[in-house]
Asks: 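Just dropping this structure here.
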Amino acid sequence: MVASVRRVFELWGLYARLDMLYVLRGPQIALSFYVSDLILGMAAVTAMFLLAQRFDGIPPWSRDQMLFLLGYALLVRGTIDVFFNYNISFISRRIGRGQLDHVLVQPQPLWMVLLTEGFAPVTGAGMLLPGLLLIGWSVEQLQLSVTFAWLALLALSLACSIVVVLAFSYAWGSLAFWAPRSAEELNSSTWQLLTQLDVFPLDPLPTLALTGLLTFVPAGLVAWYPARALLGIDASPLGWLGLPAAALVLGSLCLFIFMRGLAHYGRTGSTRYLSYGHRR
Amino acid sequence: MRAYLKTAAMSAGTVGDSPLFLLDYALRLLRVIVLLSLWRAILGNSTATGAMPLGAVLTYTLIGEVFAYQLEARTSLPNAFWEGTIVLRFLRPMGLVRQFVAESSGVWLVHFALFSIPLLLLSPLLGVDPRPASPLAAVLFAVSLGLGILVGLAIEVLFAALTVGFEQPVWLVHQMRMAVGTLLSGSLLPLAYYPWGLGELFSWLPFASTAWAPLAIFTGAGDPLRLLLVQVGWVLVLWPLTNRLWAANREKVVGYGG
């Protein structure tokens, strides 16, 4: 256990150096990656921000609460970009392109490769700073009391939100084990499903739509649900227990589907290196 | 002309190659439902004021989704760069931009039939009146939509030229264009509701000519004459610029394969 943890940190260090070397190839590459992430992140939340500013909030959320929601959504995306970059969070691409073989031949357990190989603390950090600034600004404006328990809840919620996003991505992305060609870009669609809908305050939605966005398409679990608990809008036990429970269920379901797919892959392999392969 | 029609028909036939478009439809439907609910929450109470009444905003949102592909002027140009198939298109005895227009038209028609028309039929269930502000608004909307597509295509080719010229990653530039375009064009939220006068400022930019102009005409939220003149202005400015930039950069296109 201790050796595995040490190895994970060693690999993170290694991939951080590689990421840094990539950026050091020249300012053009560094700027294009960092600035594009920054622009993408800001554009994703700016429309909701402008709306919240125009109407001093979106009922029942005040303007500053909306800023917190948007900052939290950016933080989730930014953290995923830092830790699960290079198509680790878009696993359908790796599977569909036959690149899972590159992972399987490494002398590391699969989980360790998936946890470390996408580490991009330089090129993937474009959304982190705006997310943290928005959260910091809104916490200040809302005069939230930032205790150790609140920070622990923030960290737990962030981890659970990331699990939800990745579980959704991997559950759908695993279809590429069975249909590598048609499902190769599946995670682009699943990613859009979650990230385009996670910045909205979902309170006014009809029950049926809200239920759908907390279960089948769990965009509500990415930012809206945890932000309610962190801001005290939902102070019930379900408010802060619901997300870890959902993350556990979705994570288990994703693991089941992914392992089934992997077992299938073990029998069929990839067509990438065959003469009739679609990525040949 | 027959060649372009055939290209459009062939392109339409590729929609079913992958079932991913169903997820796109799910996203679009969910986005409409969420946005309609938000507008009702914001404008439903009597204290909220705005440049457009609630009914017009709901219509704007619905029609914006019905014509989403046209308002974004979404083509397969970035994909052609990514897959290297742009090289094959250079070899065909057809204009490059016209090929992409033909391909896009075919795809747009399929999605219009499979998603947009059903969404329009669902409008009573969603509580939205999808009719234009007036019969004249409907006619001017069609003109404005055509101009908007022309501006959108010019922006698409302009960004393609810049991608090649500055040797930038295709998808990076494409995603940035889409993200910034969504914000500046008013395709997600009406520009009339942007604070600090930003909407007025954005309405003069080319992105606004792709979505805000036709939708504002449809819902009666803007002066049609001014909106159409701005659109015509951007068509006249952007296409010569785009042609010049593309001509200067087209020979720098490099295909590596996927």
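Every chain is numbered from 1 and lettered A, B, ... according to where its sequence line falls, protein lines coming before strand lines. In this text the structure is predicted, and so the values were computed from the model without any measurement.
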Asks: Non-hydrogen atoms of chain B under 4.5 Å away: do they reach the side chain of A:Leu197, the backbone, both or neither?
Replies: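 Just its side chain gets close to chain B.
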Asks: How many angstroms lie between atom CZ of A:Arg54 and atom CG of B:Leu189, to the nearest 0.5 angstrom?
Replies: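 If I round to the nearest 0.5 Å, the distance is 12.0 Å.
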Asks: Checking heavy atoms, do the side chain of B:Leu35, its backbone, both or neither come under 4.5 Å from chain A?
Replies: side chain
Asks: Let me know if A:Pro60 has heavy atoms under 4.5 Å from chain B in its side chain, its backbone, both or neither.
Replies: neither
Asks: Rounded to the nearest 0.5 Å, what's the gap from CG on A:Leu210 to OG on B:Ser37? Could you check?
Replies: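 Result: 9.5 Å between the selected atoms.
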Asks: For A:Trp137, I'd like to know if atom CH2 has over 12 heavy atoms of other residues, nucleotides or ligands within 6.0 Å.
Replies: no
Asks: So do the side chains of A:Phe55 and B:Leu43 get within less than 4.5 Å of each other, counting heavy atoms only?
Replies: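 Side chain of A:Phe55 against side chain of B:Leu43, heavy atoms only: contact under 4.5 Å found.
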Asks: Relative to chain B, which segment of A:Ala209 carries a heavy atom at a distance below 4.5 Å: side chain, backbone, both, or neither?
Replies: side chain
Asks: Specify the closest pair of heavy atoms between B:Leu38 and A:Pro204, including all atoms of both residues, with the distance to one decimal.
Replies: CD2-CG, 4.1 Å
Asks: Quick one: what part of A:Phe49 sits under 4.5 Å from any heavy atom of chain B, side chain, backbone, both or neither?
Replies: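 For A:Phe49, the side chain is the part near chain B, not the backbone.
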Asks: Heavy-atom distances under 4.5 Å only: say whether A:Leu213 touches chain B with side chain, backbone, both or neither.
Replies: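 Answer is side chain: those atoms of A:Leu213 sit under 4.5 Å from chain B.
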Asks: Heavy-atom distance under 4.5 Å to chain B: side chain of A:Leu202, backbone, both or neither?
Replies: side chain
Asks: Taking atom CG as the centre, does A:Leu208 end up with more than 12 heavy-atom neighbours from other residues, nucleotides or ligands that are less than 6.0 angstrom away?
Replies: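 No, CG of A:Leu208 has 12 or fewer neighbouring heavy atoms, counting only those of other groups under 6.0 Å.
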Asks: Can you establish whether the number of heavy atoms outside A:Trp191 located under 6.0 Å from its atom CH2 is more than 12?
Replies: yes
Asks: Which distance, rounded to the nearest 0.5 Å, do you find between the CG of B:Leu27 and the CG of A:Leu193?
Replies: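 Separation between the atoms: 5.0 Å.
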Asks: If you round to the nearest 0.5 Å, how far is CG of B:Asp24 from OG of A:Ser189?
Replies: 6.5 Å
Asks: Any heavy-atom pair between the side chains of A:Leu51 and B:Trp39 that's under 4.5 Å?
Replies: yes
Asks: How long is the straight-line distance from CZ of B:Arg28 back to CD of A:Gln196, given to the nearest 0.5 Å?
Replies: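 Going from the CD atom of A:Gln196 to the CZ atom of B:Arg28 covers 11.0 Å.
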Asks: Could you give the distance from CD1 (A:Ile39) to CZ (B:Arg177), rounded to the nearest 0.5 Å?
Replies: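 Interatomic distance, A:Ile39 CD1 to B:Arg177 CZ, rounded to 0.5 Å: 14.0 Å.
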Asks: Where on B:Leu198 is there a heavy atom nearer than 4.5 Å to chain A: the side chain, the backbone, both, or neither?
Replies: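 The answer is the side chain of B:Leu198.
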